[in-house]
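Naming: A, B, ... by sequence-line order, numbering from 1 per chain.
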2 protein chains.
Amino acid sequence: MSDLTSQDQGYGTSARQGCPFHDIRQKLRRVGLRPTRQRVSLGWVLFAKGQRHVSAEMLFEEAMKERIPVSLATIYNTLRQFTEAGLLRELTLDGAKAYFDTADHDHHHFVVDGENRVIDIPADEIDVASLPVPPAGYEIARVDVVVRLRKIDG
Amino acid sequence: MSDLTSQDQGYGTSARQGCPFHDIRQKLRRVGLRPTRQRVSLGWVLFAKGQRHVSAEMLFEEAMKERIPVSLATIYNTLRQFTEAGLLRELTLDGAKAYFDTADHDHHHFVVDGENRVIDIPADEIDVASLPVPPAGYEIARVDVVVRLRKIDG
DNA sequence: TTACGTGCAAATAATTTGCAGTCCC
DNA sequence: GGGACTGCAAATTATTTGCACGTAA
């Protein structure tokens, strides 16, 4: 915020393959969020750089690595705002940490019991037949399937 | 612990319908947990009294209501131990709170977005066809389906 | 008896919030 | 310029832990 004023949009030219910054800005505007420097940068990490599952801490470290000046509080705010805007999905696993994944496709998740790792299950590899009837007054907003894995004894 | 010594096992005779305390003791012994006063009492609340989904806080309040002298730390310990023993299942939803449900049947869950409410989906009302192939070295331990509900706009 | 369990209070860990300064439109 | 956004640090919330005492086997 003080030592990076000259890197307003680029964070080094090598990171600009495909120049997705404009796309990110559009994406943010479309959901009513001001494309601020932090949001655009974090959006780039999440949507252009291929980070699919992150916790607040992971995104923070990723941002540090990319020389994106951002505070942890803003990471939390941004994850929340992106989630509320529908750009991300919260995925809460055992333990107290929340994970977020990019929400642009329909998929489910493998999670390994003790590990902090989440693996996508492509939508066509799983099939939920016969959804239950929701209680009166409610409709199904979405269905999350979490397939918990166990290391094969070895 | 000091004012309830005379209620060692009964907590009032009216609560003993069917006298499930012995069953609870057996259940605990079977999984290698000493049937202490607290564990038996909490087990009774969870398994005999029909409490199906609880958070630590809910179980604590329930225990207070039943005049079961138990500390919050013991609630946490007990929930953890029961879960490790396979008597309970942890169900982590959005937000920081963990929920636990009795694990003796195969079922999934409805959850309503903003509310602290969990509703069982009977196993026969949902059907996951075509499970995905787990990554090499792993096997599927269990599949959790969470159907998120939204109040029909009113 | 003796190891295991429990209660208390203090310690952690993740996340949120209040407020002063900053930036986008 | 003005309201939305960010950063910092302090506050909250859920949960864990260390240790002295109590209790089941």
Side-chain angles (χ1 to χ4, degrees), chain A residues 1-9 21-22 24-26 28-43 54-61 63-64 68-85 88 90-100 116, chain B residues 1-5 7-9 21-22 24-26 28-29 31-43 54-61 63-64 68-85 88 90-100 116:
Chain A
M1 184 128 282
S2 54
D3 56 324
L4 281 169
T5 43
S6 65
Q7 297 189 21
D8 194 348
Q9 305 190 4
F21 286 92
H22 193 258
I24 303 285
R25 282 203 170 76
Q26 299 258 308
L28 291 176
R29 277 209 192 80
R30 230 175 286 135
V31 298
L33 291 173
R34 270 196 198 172
T36 63
R37 197 181 308 160
Q38 290 87 335
R39 295 213 267 236
V40 172
S41 300
L42 294 176
V54 292
S55 61
E57 197 185 359
M58 286 163 65
L59 183 55
F60 185 57
E61 283 169 13
M64 302 295 258
I68 297 169
V70 70
S71 77
L72 192 53
T74 297
I75 296 276
Y76 279 106
N77 287 338
T78 302
L79 285 173
R80 160 81 51 90
Q81 290 153 353
F82 281 17
T83 300
E84 277 167 7
L88 293 179
E90 193 171 354
L91 173 67
T92 315
L93 305 181
D94 303 339
K97 230 170 295 182
Y99 285 75
F100 296 84
N116 284 350
Chain B
M1 183 125 285
S2 56
D3 56 322
L4 282 169
T5 45
Q7 297 190 23
D8 194 349
Q9 303 190 7
F21 285 92
H22 193 257
I24 303 285
R25 282 204 169 78
Q26 298 258 309
L28 291 176
R29 277 212 190 79
V31 298
L33 291 172
R34 268 197 199 170
T36 63
R37 197 180 308 160
Q38 290 84 337
R39 295 212 268 237
V40 172
S41 299
L42 295 177
V54 293
S55 62
E57 199 185 358
M58 286 163 66
L59 183 54
F60 185 58
E61 284 171 11
M64 302 295 258
I68 297 170
V70 70
S71 76
L72 192 52
T74 296
I75 296 278
Y76 278 106
N77 287 337
T78 302
L79 284 172
R80 161 80 51 89
Q81 290 154 353
F82 280 17
T83 300
E84 277 167 8
L88 294 178
E90 193 170 354
L91 173 67
T92 315
L93 305 180
D94 303 338
K97 230 169 296 183
Y99 285 75
F100 297 84
N116 283 351

Is any side-chain nitrogen or oxygen of [X] closer than 4.0 Å to OP1 or OP2 of [N]?
{"X": "A:R39", "N": "D:dT6", "value": "yes"}
{"X": "B:Q38", "N": "D:dG22", "value": "no"}
{"X": "B:R29", "N": "D:dA25", "value": "yes"}
{"X": "A:R37", "N": "D:dT6", "value": "no"}

What is the separation between atom [atom1] on [X] and atom [atom2] on [N], rounded to the nearest whole Å?
{"X": "B:L42", "N": "C:dT6", "atom1": "CG", "atom2": "C1'", "value": "12 Å"}
{"X": "A:I24", "N": "C:dC24", "atom1": "CD1", "atom2": "P", "value": "17 Å"}
{"X": "B:I75", "N": "C:dC8", "atom1": "CD1", "atom2": "P", "value": "12 Å"}
{"X": "A:M58", "N": "C:dA14", "atom1": "CE", "atom2": "P", "value": "13 Å"}
{"X": "B:N77", "N": "C:dG7", "atom1": "CG", "atom2": "P", "value": "9 Å"}
{"X": "A:E90", "N": "C:dA14", "atom1": "CD", "atom2": "C1'", "value": "12 Å"}
{"X": "B:R34", "N": "C:dT2", "atom1": "CZ", "atom2": "P", "value": "14 Å"}
{"X": "A:F82", "N": "D:dC5", "atom1": "CZ", "atom2": "C1'", "value": "13 Å"}

Where do B:R25 and B:P35 come nearest, in terms of heavy atoms and distance?
->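 Residues B:R25 and B:P35, closest heavy atoms: CG-CB, 3.9 Å.
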
Counterpart residues, side-chain hydrogen bond (donor to acceptor under 3.5 Å, both in side chains), relative to [X] (two or more places apart):
{"X": "A:Q81", "value": "A:R39"}
{"X": "B:T92", "value": "A:D94"}
{"X": "A:T74", "value": "A:S71"}

Tell me, please, which residues at least two apart from B:I24 pass side chain to side chain contact (heavy atoms under 4.5 Å, CB included).
->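 Only B:L28, B:V40, B:F47 meet the side chain to side chain contact (heavy atoms under 4.5 Å, CB included) criterion with B:I24.
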
With sequence neighbours excluded, residues passing side chain to side chain contact (heavy atoms under 4.5 Å, CB included) with B:Q26 |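 Scan of B:Q26 (side chain to side chain contact (heavy atoms under 4.5 Å, CB included), adjacent residues dropped) gives B:H22, B:R30.
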
Supply the atom-to-atom distance A:F60 CZ to A:L42 CG, rounded to the nearest 0.5 angstrom.
-> 10.5 Å

Between B:A96 and B:T36, the residue closer to the 5' end of DNA chain C by nearest nucleotide is B:T36

Between B:P35 and B:E57, name the one whose nearest nucleotide on DNA chain D is closer to the 5' end.
-> B:E57

Please produce a list of atom pairs where a protein N or O lies less than 3.5 Å from an N or O of nucleotides 8-13 of chain D.
none

